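All remarks here apply to the structure that follows.
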Amino acid sequence: MVDSVMGRVDDLLRQAFAAAGLPTEAVRSVPASKPEFGDFQCNAAMALGKAAKRNPRDIAAAVAEILRASPEFAAVDVAGPGFLNLRLADAFVTARARAQAASPDLGIVRRDDPPVLIDFGGPNVAKPLHVGHLRSLVIGEALSRIFAAQGVAVTTDIHLGDWGLQMGMLIAAIRRAHPERAPGTVGEAVTVDEMQRLYPEASAACKAEPERMAEARALTAALQSGDPQAFADWSALRATSLADQRHDIDRLGTRFDLFLGESDAQAIVDTLVPNLVARGLAYESDGALVIDVAEGSDAKPLPPLILAKSDGAATYGTTDLATIAGRATDPALARCGRYVYVVDERQSLHFNQVFRAARRCGIAPGVDLVHVGFGTVNGVDGKPYRTREGGVARLRDLLAEAVDKARGRIETDDPAIDRDVLAEQVGLAAVKWADLSTLRLSGYSFNLDRMMSFEGNTGPYIQYACVRIGAIGAKADAAGLRPSAIALGHPAERALAMACLRLPVAVAAATAGYAPNEIADLAFAVAQAFSRFYAECPVLNAEDEEARAARLALCGLAHAVLSKALWMLGIAVPQRM
RNA sequence: GCGGUCGUAGCUCAGCUGGAUAGAGCACCAGACUACGAAUCUGGGGGUCAGGGGUUCGAAUCCCUUCGACCGCGCCA
């Protein structure tokens with residue numbers, strides 16, 4: 001186990017502040033704002049000076065004097081009104097880099113968290129996947145891997161949207177389109193293409209014509225109350241649609257342990273709802289059955305969660321609540337300490353309602369319920385992404401376009417490289433990187449041309465760095481050259497090691513904030529530091545054998561860190577490109 | 001109307017539990033391949049952090065306000 005460098009620095013800082021007779025709660029280091037200030041800085045003296053009515057510079061000077069005794073630091077300086085500038089000793093950095101290289105998990109700290117369940121707030125099975133599904137699939141997979149990298153067990157559930165009014169609309173439309181077939185045998189006759197044509201029409205028709213809507217509602221209610229024919233048609237439609245959606249899911253590399261959905265909660269709904277009524281937690285309001293979730297501290301009281309609509313049908317609030325109850329009593333999930341919902345931020349009110357209802361009803365006590373929201377994918381015009389024709393962009397088309405663009409940009413003429421495989425790896429890397437490298441909560445603009453430029457902060461740039469390191473290693477192996485221990489002489493070597501050493505910090509930050517972009521930031525920093533090192537420090541052609549072996553070792557570390565980071569993001573590393 | 005998110009370089013975005021001269025990528029300009037792979041690297045120009053006020057030794061960051069954008073607000077999911 002390797003302590004993170006920053007953790008060690010913070011420990012030393014706190015010890016020094018304590019030794020100077022000062023409180024340590026607010027003491028922490030941050031990366032130096034400028035390289036000439038050193039590696040880290042600490043600004044706590046200024047804040048403490050105010051509280052203690054002491055001159056911040058005196059405090060900083062006293063702490064600096066103590067810190068200078070630590071061999072970890074090469075320089076400790078007081079600057080300005082009381083900044084502490086810290087430069088790490090090369091020997092310390094070298095030792096940490098060697099320890100990281102020797103650590104199987106590269107210094108990533110294991111967490112002893114209970115297992116985590118990730119709910120992807122899955123797609124509506126009445127429709128094909130569109131761009132909007134990209135984020136949940138990509139972010140959810142990354143979070144799953146980030147947990148796994150720390151030894152936390154994860155269960156992923158796609159949680160399909162397969163039980164609401166949209167299914168009633170679809171079944172009704174399909175039956176209308178195939179009047180020759182008996183109800184209950186219609187679903188099996190329908191292809192994905194037909195479904196995808198019929199659903200938008202049905203949805204529009206229901207909006208426009210009350211009779212159509214009434215028909216859809218009736219079918220939804222029938223389905224939910226166990227009508228065998230409705231269930232048979234539903235079941236066939238669901239299977240056909242899911243099989244189609246799985247092409248895109250598999251292509252993206254998102255892995256699910258469970259392909260459950262809202263429909264799987266129905267059995268629980270049947271017992272949960274009467275139970276909540278009996279306990280007085282649910283009551284009738286305007287013909288619907290609701291649970292109050294408002295709290296006195298709300299700036300604006302939350303509307304109640306609707307458990308049953310006036311026609312008796314369940315809402316997705318009902319199934320979400322029942323699903324929580326079901327998970328809490330499922331032996332396979334009993335140890336889970338939190339349920340994480342990776343769903344569009346626009347649904348934050350919904351999850352707020354569901355989570356509060358669960359708390360109020362005593363469902364899944366002790367389980368953390370977390371909504372990990374994300375912003376929308378926008379087009380270049382800043383509005384939600386659409387095709388050139390103005391329609392909803394299908395995920396499949398978008399991925400195909402990305403891979404095609406990637407194929408067109410492949411520059412290698414190496415006959416040993418499978419261009420299709422490479423195009424797939426590079427194209428998906430570009431798309432995933434664009435998604436994961438931005439802040440989760442803010443939307444991002446989806447610009448294929450930009451993410452396919454392969455220059456600067458893009459997925460392929462990181463892949464390229466990784467591939468170049470790999471090429472050095474392969475050549476070294478072929479020549480029988482062995483790495484030794486990492487040694488840091490050149491500034492570019494030191495900078496690369498420092499970037500690698502940030503990995504455990506980045507993983508911790510990514511976990512705390514459900515923020516894959518922390519991993520992407522780290523990967524970019526390492527790739528950039530490597531590229532600079534590569535330009536300035538010959539490895540195989542190093543000045544002497546000692547330098548060559550030490551640089552090979554450093555390359556090994558950088559390659560391991562980059563590979564790990566890309567793995568956590570769900571991005572493949574090509575052998576060559 | 002109420003609630004929420006947001007407004008940072010020409011473009012796309014970081015930075016937001018207050019710290020030093022506000023960063024990165026792209027684009028633009030100037031350099032570096034007889035060189036471990038140039039999908040790379042080096043250097044440069046480019047900012048009223050939407051406007052205004054306040055708190056503070058110090059504000060992109062916290063508070064108030066104006067303007068603008070997006071999202072949500074009980075029987076869609």
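Side-chain atoms are counted along with the backbone in the values below, which use heavy atoms only and exclude waters and symmetry mates. Note that this is a predicted model, so its numbers are computed, not measured. Proteins come first, then strands; the chains are lettered A, B, ... in the order of their sequence lines, and each starts at number 1.
Residue A:Gln353 places no side-chain N or O under 4.0 Å from the OP1 or OP2 atom of B:C73. Within the structure, a side-chain polar atom (N or O) of A:Lys475 is placed less than 4.0 Å from OP1 or OP2 of B:G37. Within the structure, every side-chain polar atom (N or O) of A:Lys34 is placed at least 4.0 Å from both OP1 and OP2 of B:A22. When the side-chain nitrogen and oxygen atoms of A:Arg532 are compared with OP1 and OP2 of B:U42, one or more of them lie within a distance under 4.0 Å.
Side-chain contact annotation: A:Asn352 with A:His371, donor-acceptor N/O pair under 3.5 Å absent. Counted by atom type alone, A:Gln41 and A:Asn43 present one or more donor-acceptor pairs between their side chains at under 3.5 Å.
A:Arg548 has its CZ atom 11 Å from the C1' atom of B:C36, to the nearest Å.
For B:C75, its base sits under 3.5 Å from the side chain of A:Ser310 at one donor and acceptor pair at least. Under 3.5 Å, the side chain of A:Tyr316 and the base of B:A77 form at least one donor-acceptor pair of N or O atoms. Put simply, the side chain of A:Asp162 and the base of B:A77 share no donor and acceptor less than 3.5 Å apart. Interface remark: the A:Arg346 side chain does not form any donor-acceptor pair with the B:U5 base, using a distance-only criterion of under 3.5 Å. Within 3.5 Å, a donor on the side chain of A:Ser285 pairs with an acceptor on the base of B:G74, or the reverse.
A:Ala476 comes within 4.0 angstrom of nothing in the nucleic acid, heavy atoms only. Residue contacts for A:Ala47: at a heavy-atom cut-off of 4.0 Å it reaches a base atom on one of the strands shown. Counting any heavy atom pair closer than 4.0 Å across all strands shown, A:Gly80 reaches no nucleic acid atom.
In this pair, A:Tyr341 and A:Phe355 present their aromatic rings tilted. The plane angle is within the 30 to 60° band.
Which of B:A77, B:A27, B:A20 sits closest to the side chain of A:Glu262 comes down to B:A77. Checking B:C36, B:U21, B:G37 against the side-chain heavy atoms of A:Tyr464 singles out B:G37 as nearest. Here the nucleotide nearest the side chain of A:Phe83, chosen from B:C26, B:G19, B:G37, is B:G19.
The pair A:Arg346-A:Asp344 meets the salt-bridge criterion, since a charged nitrogen lies less than 4.0 angstrom from a carboxylate oxygen. The pair A:Glu345-A:Arg135 fails the salt-bridge criterion, with no side-chain N (NZ, NE, NH1 or NH2) lying under 4.0 Å from an Asp/Glu carboxylate O. Salt-bridge annotation for A:Asp292 and A:Arg356: absent, with no side-chain N of the basic residue lying under 4.0 Å from a carboxylate O of the acidic one.
Base orientation at B:C33 is syn, since its O4'-C1' glycosidic dihedral falls within 90° of 0.
For the pair A:Asn85 and A:Val539, both in contact range of RNA chain B, the more 5′-proximal nearest nucleotide belongs to A:Asn85. Both A:Thr220 and A:Leu289 lie close to RNA chain B; mapped to their nearest nucleotides by heavy-atom distance, the more 5′-ward contact belongs to A:Leu289.
Taken residue by residue, residues 418-440 of chain A places heavy atoms nearer than 4.0 Å to RNA chain B at A:Leu439.
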(request) Convert the base pairs of RNA chain B into dot-bracket notation, remembering that pairs crossing earlier ones are written with [ ] and that bases paired across to another strand are shown as |; include only Watson-Crick or G-U pairs under 3.5 Å. (result) (((((((..((((.....[...)))).(((((.......))))).....(((((..]....))))))))))))....
(message) Using side-chain hydrogen bond (donor to acceptor under 3.5 Å, both in side chains), reason through A:Tyr444 and A:Asn378 one step at a time and then give a plain yes or no.
(response) CA-CA 6 Å; A:Tyr444 70 97; A:Asn378 300 320; over 6 Å; no
